[in-house]
There are 2 protein chains.
Amino acid sequence: MDSEDDCGFGYDAFRRTCPSHTVLEMLASKWVYLVVCALRKGRLRNGELARKLEGITPKMLTQTLRVLERDGLVRREIFPVIPPRVEYELTELGQNLAGLLTQIRSWAEQHAPDIKDARARAIAESEGDWAA
Amino acid sequence: MDSEDDCGFGYDAFRRTCPSHTVLEMLASKWVYLVVCALRKGRLRNGELARKLEGITPKMLTQTLRVLERDGLVRREIFPVIPPRVEYELTELGQNLAGLLTQIRSWAEQHAPDIKDARARAIAESEGDWAA
DNA sequence: ATCTTCACTATCCATAAGGTGCGTATATAT
DNA sequence: ATATATACGCACCTTATGGATAGTGAAGAT
């Protein structure tokens, strides 16, 4: 019945026990999107990322990078120097994903006005209710 | 400096005040992914969605659909019959997005084994630490 | 009379996300 | 001696999220 849904790989993200479902859960994070997009054009240091991702706290940055490293999307390189120097870069798998996530980001940027309008309309309608 | 990053639309998802940033936040949800993907091939009723999205609670399903409706990605049609009949379908904007989200889902399904392996390796390494 | 269906709505609660601040290590500059 | 820079880890706390459960309404079946 859902042979089309598993995309022919035997995995089905609609099933909560499927490994691809947990992958989707991992990807469902604002900071994962942004970190992967930020690393797309080359390796960056922790501080460089922190400056690029406005509003991220050091904790969330580290947490996100650890998840991405654990899942094989990001490689971490430590230079044994003082003061410490650590660089992050996408693995091949990460680069592969970055293409898609960048498309999502572009979509968000392109359609932000549409969605802003839709939200405004939704608010206007709900406010109109009292007078109905 | 970041002229490439705003994709030429004047929006930059890296800035937390940018409307596109809130769009990205909205998209960063497992259930948003899955509901949009599920509706891709046509309109579905609440119960049909609930059966398709294994593990979703009625609350999360309704909540997700309300967000998608508010943002203009999903259209809701109510048939005034008893028992109630409500159908959901993607708007044009939603269809547009569904293409991308389906790619993400396919990616998750294709690369689930790679990520499973990466996680296993990460665990093996961290367990190896005690013997180091 | 009671049950069933369907699409919710409301409520409570456990967990997770996320923020803040402090500690660590050490070469270099003052 | 003290301060600075860097990239964290750790502990604590507050808030938000998601899940479980129960309730609603109204026609039709039993």
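Residue numbering restarts at 1 for every chain, and letters A, B, ... go by the order of the sequence lines.
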Atom-pair distance (CG on A/Leu61; P on D/dT6), nearest Å: 14 Å
Residue A/Thr62, side-chain heavy atoms: nucleotide from D/dG9, D/dT6, C/dA7 that is nearest: D/dG9
Any A/Asn46 side-chain nitrogen or oxygen under 4.0 Å from OP1 or OP2 of D/dC8: yes
So which protein nitrogen or oxygen atoms get under 3.5 Å of nucleotides 17-22 of chain D's nitrogens or oxygens?
unit_1: D/dG18; atom_1: N7; unit_2: B/Lys59; atom_2: NZ; d: 3.1
unit_1: D/dG19; atom_1: N7; unit_2: B/Lys59; atom_2: NZ; d: 3.4
unit_1: D/dG19; atom_1: O6; unit_2: B/Lys59; atom_2: NZ; d: 2.3

A/Ser20 side chain to B/Arg105 side chain, donor-acceptor N/O pair below 3.5 angstrom: no
More than 12 heavy atoms from other groups under 6.0 Å of CZ on A/Arg70: yes
Presence of B/Arg66 side-chain N/O under 4.0 Å of C/dA7 phosphate oxygens OP1/OP2: no
B/Arg45 side chain near C/dA7 phosphate (N/O to OP1/OP2, under 4.0 Å): yes
Rounded distance in Å - CZ (A/Arg43) to P (D/dA7): 13 Å
Side-chain heavy-atom pair B/Val35, B/Tyr88 within 4.5 angstrom cut-off: no
Below 4.0 Å: OP1/OP2 of D/dA5 and any side-chain N or O of A/Arg85: no
Between P of C/dA16 and CE of A/Met26, the distance in whole Å: 18 Å
Sugar-phosphate, base or nothing in reach of A/Tyr88, heavy atoms under 4.0 Å: sugar-phosphate
Comparing A/Pro84 and B/Ile82 on DNA chain C - which has the more 5′ nearest nucleotide: B/Ile82
Common cluster, A/Ile78/A/Leu73, ILVMFWY with side-chain heavy-atom separation under 4.5 Å: yes
Under-4.0 Å side-chain N/O to phosphate OP1/OP2 contact, A/Arg76 with D/dA7: no
Polar side-chain atom of A/Glu54 near backbone of B/Arg16 as donor-acceptor pair, under 3.5 Å: yes
Mind listing the N/O atom pairs, protein and nucleotides 13-15 of chain C, below 3.5 Å?
none

Salt bridge flag under 4.0 Å for residues B/Glu87 and B/Arg85: yes
